[in-house]
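One structure below.
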Protein chains: 2
Amino acid sequence: MSRAATTADVFNAVGDDARRELLDALATGEATVGELVERLGRDQPQVSKHLRVLREVDLVRCRNAGRHRLYRVHRPGLAPLQHWLGHLTTTVNEHYDRLDDYLHDLQRESLHGSEN
Amino acid sequence: MSRAATTADVFNAVGDDARRELLDALATGEATVGELVERLGRDQPQVSKHLRVLREVDLVRCRNAGRHRLYRVHRPGLAPLQHWLGHLTTTVNEHYDRLDDYLHDLQRESLHGSEN
DNA sequence: TTGACATATGCCGATATCAGTATATTATCG
DNA sequence: CGATAATATACTGATATCGGCATATGTCAA
């Protein structure tokens with residue numbers, strides 16, 4: 001009972017450098033595994049494995065083209081990230097203002113308070 | 001030579017459920033560790049530890065208020081996330097269109113890759 | 001100072017994760 | 001059918017990560 005969940009969520013998937021690089025590489029269009037291997041300069045098995053993770057969380061999809069496999073970003077898969085980040089951002093913006101930041105940064109140095 | 005980097009980046013920090021919950025909880029304003037412990041229903045040490053990670057990547061900051069410590073979201077810390085996701089999204093949108101998705105989804109049906 | 005409260009840190013064990021290597025699967029072509 | 005190219009999976013070892021518990025640090029108040 002130590003760890004939490006498998007890599008099976010979008011946030012975790014994007015938490016890895018290699019996978020973000022893959023997404024970036026696919027941002028401009030489809031690519032085969034071999035092309036990605038070359039562009040990222042990583043081993044083929046690793047690229048395949050990372051692609052698998054991305055596929056499992058629906059951030060990418062693929063189709064067969066001859067002997068190759070063309071991967072592409074699956075836009076709807078980005079929704080959870082966009083929604084969470086958007087929601088967080090707007091909520092924070094609604095509840096904080098410049099004055100807050102200003103005051104807080106001032107108070108960060110020293111402060112006295114007595115109350116609960 | 002196995003693992004990559006320490007948890008010291010924003011994407012990794014946000015990859016964890018507990019930390020996202022913390023950010024969500026702080027979205028509406030400052031809170032003390034105790035309040036967060038109660039809201040999230042997690043042990044105090046864990047909350048503190050997760051807050052530490054968030055602090056290290058500059059997603060939250062804190063100030064002392066008496067015996068308490070008030071944590072808050074540090075908005076600039078969100079920038080890397082916003083930029084990466086925004087850039088990815090617009091790039092993808094520029095290079096894909098509805099027709100692409102339509103065709104790809106069609107072809108996806110016709111030929112298939114096995115899975116495991 | 002002492003004592004109580006709030007928060008942080010240290011240690012541990014279980015498990016996940018990643019890179020690397022070798023091998024299996026799948027598809028195309030002759 | 002067999003050979004070969006492209007990709008996927010299996011296994012391994014090193015390390016990171018997380019949760020749980022105990023304890024340390026720090027802050028106020030009397």
Side-chain angles (χ1 to χ4, degrees), chain A residues 1-9 11-22 26 30-57 60-72 110-116, chain B residues 1-9 11-22 30-57 60-72 107 110-116:
Chain A
M1 311 127 179
S2 274
R3 228 12 194 329
T6 322
T7 312
D9 78 287
F11 295 91
N12 218 310
V14 165
D16 184 79
D17 281 338
R19 283 184 300 252
R20 250 173 294 133
E21 287 175 23
L22 277 171
L26 290 173
E30 292 181 310
T32 67
V33 178
E35 287 167 358
L36 294 168
V37 166
E38 210 177 284
R39 282 204 231 167
L40 299 208
R42 302 197 185 244
D43 291 355
Q44 176 269 315
Q46 310 216 38
V47 170
S48 279
K49 276 187 278 188
H50 285 303
L51 284 172
R52 191 198 213 288
V53 174
L54 292 173
R55 233 188 314 149
E56 279 171 348
V57 300
V60 305
R61 293 208 171 164
C62 62
R63 67 189 176 99
N64 293 327
R67 289 189 220 188
H68 298 255
R69 210 149 196 197
L70 285 172
Y71 278 85
R72 67 195 168 92
S110 68
L111 183 60
H112 267 344
S114 56
E115 133 287 333
N116 181 6
Chain B
M1 307 121 148
S2 272
R3 212 62 186 294
T6 321
T7 313
D9 78 288
F11 295 92
N12 219 311
V14 164
D16 184 79
D17 281 338
R19 286 187 297 255
R20 251 174 292 134
E21 286 175 25
L22 278 171
E30 292 181 311
T32 66
V33 178
E35 288 167 357
L36 294 168
V37 167
E38 209 176 284
R39 281 204 231 166
L40 299 208
R42 303 199 185 241
D43 291 355
Q44 177 268 316
Q46 311 217 38
V47 170
S48 280
K49 276 186 276 188
H50 283 304
L51 284 172
R52 190 193 213 291
V53 174
L54 292 173
R55 233 187 314 148
E56 280 170 349
V57 301
V60 306
R61 293 207 169 163
C62 63
R63 66 188 178 100
N64 294 326
R67 287 186 221 183
H68 299 256
R69 209 147 197 201
L70 285 171
Y71 279 83
R72 69 197 165 90
Q107 294 174 0
S110 60
L111 218 56
H112 216 38
S114 61
E115 205 132 355
N116 180 351

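The shown structure was predicted, so the numbers you read here are calculated from the model rather than taken from an experiment. Naming: A, B, ... by sequence-line order, numbering from 1 per chain.
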Please report, rounded to the nearest Å, how far the [atom2] atom of [N] is from the [atom1] atom of [X].
X	N	atom1	atom2	value
A/Glu21	C/dA19	CD	P	10 Å
B/Leu54	C/dA8	CG	C1'	15 Å
B/Phe11	D/dT17	CZ	C1'	20 Å
B/Asp16	D/dC18	CG	P	5 Å
A/Lys49	C/dT23	NZ	P	15 Å
A/Asp17	C/dT17	CG	P	16 Å
B/Asn64	C/dT7	CG	C1'	10 Å
A/Leu40	C/dG20	CG	P	13 Å

With a cut-off of less than 4.0 Å, is there a side-chain N or O of [X] near OP1 or OP2 of [N]?
X	N	answer
A/Arg67	C/dC29	no
A/Tyr71	D/dA6	no
A/His68	D/dT7	yes
B/Arg42	D/dG20	no

Spacing of [X] atom [atom1] and [Y] atom [atom2] [to the nearest 0.5 Å]:
X	Y	atom1	atom2	result
A/Cys62	A/Leu26	SG	CG	10.5 Å
A/Arg55	A/Tyr71	CZ	OH	3.5 Å
B/Asp16	A/Asp9	CG	CG	9.0 Å
B/Arg69	B/Asn64	CZ	CG	5.0 Å
B/Arg61	B/Arg72	CZ	CZ	7.0 Å

- Item | Residue whose nearest DNA chain D nucleotide is more 5′ - B/His50 or A/Leu51 |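 Counting from the 5' end, the first nearest nucleotide belongs to A/Leu51.
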
- Query: Mapping B/Gln46 and A/Ser48 onto DNA chain D by nearest heavy atom, which one lands closer to the 5' end?
  - Reply: A/Ser48

- Degree of bending in the helix from C/dT1-D/dA30 to C/dG30-D/dC1 once both end axes are built from five pairs, to 10°: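 For the helix from C/dT1-D/dA30 to C/dG30-D/dC1, the axes at either end differ by 20°.
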
- Task: For residues B/Ala18 and B/Leu40, report the shortest heavy-atom separation together with the two atoms involved.
- Result: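 Heavy-atom minimum between the residues: O-CD1, 4.1 Å.
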
- Taking the side chain from B/Arg19 and the backbone from B/Ala13, do they hold a donor-acceptor pair closer than 3.5 Å?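 It does hold such a pair.
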
Nucleotide N/O to protein N/O under 3.5 Å, stretch nucleotides 22-25 of chain D:
none

Contacts under 3.5 angstrom, residues 31-39 of chain B side chains, donor-acceptor by atom type, not counting sequence neighbours:
| from | atom 1 | to | atom 2 | distance (Å) |
| --- | --- | --- | --- | --- |
| B/Thr32 | OG1 | B/Glu35 | N | 3.1 |
| B/Glu35 | OE1 | B/Thr32 | N | 3.0 |
| B/Arg39 | NH1 | B/Ala25 | O | 2.9 |

- With B/Arg20 as the cation and A/Phe11 as the aromatic partner, state whether NZ or CZ is under 6.0 Å from the six-membered ring centre and within 45° of the axis.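 B/Arg20 over A/Phe11 ring: yes.
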
